[in-house]
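Let me begin by presenting the structure, written as structure tokens, before commenting on it.
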Amino acid sequence: MLDLEMRHLEYLVAAATAGSYAQAAKQLFVSPQAISKGVQVLEGRIGIALFDRGPHGIALTAFGETFCKEARAILKALERLQDMTERQLLEYNSSLSVGIHSLCFQEHGGTIAWDDLLNFHESYKAIAPSFVEMRGDSIIASIASGTLDFGIGVLPSDGSDFLEGTLLKRFPLAALVSSKSSCFAQQNTVTIEELAHSQLVQLSEDQEFNNFFIEKSQDEQLPVNISPLQMRADSDIDVVINRELYAVRPYQHALRMTKGDNIRILPIVDRSKNPIKMPLSLFWKKGKELSLLEKSFVEMISNSYR
């Protein structure tokens, strides 16, 4: 295969069109010596002269005419490839920003790995996607204001007016209770009805998470006693010890993050003993037309939860 460089073909075509190295150099903003040297290198690599050089300038040889015609076609094809690539980049969009609930990450018992997000970024480095670990309420507010393109978390039950998305997974919930509580000493699961006599310590800055559990209780016509405490998911949950308190967390998160013998992790079930599961969604502002980049991201995240 010929060892050719595109800039040497470009020098050849420019010189043949202009009729001199000097004029070609002006068009390409290089020196005449660079044009002359480039053509000489090209001739040396193919082993055939392309120009007849005389006192009145340069002229293509018969073979040079044929070679130059093919060189023009190659350069035109490269221009089409560049135009196609630029159009594709425009179609992919100029940016991609995603707010991800902290409980979704593997180190918190979730599914999403930071490495997968970094690999996606590397694949679309020119677009520079950004991924931010956030709390649930902040994600909703940021999408509503337009500062985020996507969110991953619990979709608001009343969010149909301005949000839409795709369900990723339904994850089982667990109650974190004191191991000293006699109420749950013999149990491996717990119902909402059995939790009703205690107070719920809500997850701070995650109203949709809290609302899901509270609405499930209301569906069963059961009261929910709310504690004045609100805690982050990674806070020390030992506050429930020696108190009639409980916290609700994703079961996998609780298993991974809750240590020691002071706390029991009890899967929450309904009256038929079926696990109560909370939906996790990937969502965006309603009516948004997804670009190719955004569709690729949605597919990547959806596949990770399959």
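The chain is numbered in sequence order, starting from 1.
- Between Phe51 and Tyr21, the two ring planes are perpendicular [angle over 60°; tilted spans 30° to 60°].
- Listed by chain and number, the residues in a side chain to side chain contact (heavy atoms under 4.5 Å, CB included) with Val132 are Met134 (sequence neighbours excluded).
- Between Ala254 and Leu176, the shortest heavy-atom contact is CB-CD1, 3.8 Å.
- Counting non-hydrogen atoms of neighbouring residues, nucleotides and ligands closer than 6.0 angstrom, the CG atom of Asn188 reaches no more than 12 such neighbours.
- Closest non-hydrogen pair, Arg256 versus Gly109, comes out as CD-N, 3.2 Å.
- Residues Arg135 and Ser204 bring no donor and acceptor atom of their side chains to less than 3.5 Å of each other.
- Considering all non-hydrogen atoms of both residues, Ile268 and Ala175 come closest at CG1-N, 3.6 Å.
- Considering every non-hydrogen atom in both Leu42 and Leu50, the closest pair reads CD2-CD1, 3.8 Å.
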Inset, instruction - Would you check, one step at a time, whether the test side-chain contact (heavy atoms from CB on, under 4.5 Å) holds for Ile276 with Thr191? - result: CA-CA 9 Å; Ile276 291 179; Thr191 64; over 6 Å; no
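- Sorted by first and then second residue, the side-chain hydrogen bond (donor to acceptor under 3.5 Å, both in side chains) pairs involving residues 264-285 (not counting sequence neighbours) form an empty list.
- Heavy atoms only, all atoms of each residue included: His108 and Ser102 are closest at ND1-O, 2.6 Å.
- Ser304 contributes a side-chain N or O that, together with a main-chain N or O of Ile301, makes up a donor-acceptor pair within less than 3.5 Å.
- A donor atom on one side chain and an acceptor atom on the other are found under 3.5 Å apart for Gln40 and Ser36.
- Other residues, nucleotides and ligands contribute only 12 or fewer heavy atoms inside 6.0 Å of the CG atom of Asp261.
- Side-chain polar atoms of Ser179 and Asn262 form no donor-acceptor pair below 3.5 angstrom.
- Using bins of under 30°, 30° to 60° and over 60° for the plane-to-plane angle, the ring pair Phe213/Tyr246 lands in the perpendicular bin.
- In the model, Asn211 has a side-chain atom that pairs as donor or acceptor with a side-chain atom of Gln207 under 3.5 Å.
- The nearest pair of heavy atoms linking His101 to Gly153 is CB-CA, 4.2 Å.
- Within 6.0 Å of CD in Gln221 there are 12 or fewer heavy atoms belonging to other residues, nucleotides or ligands.
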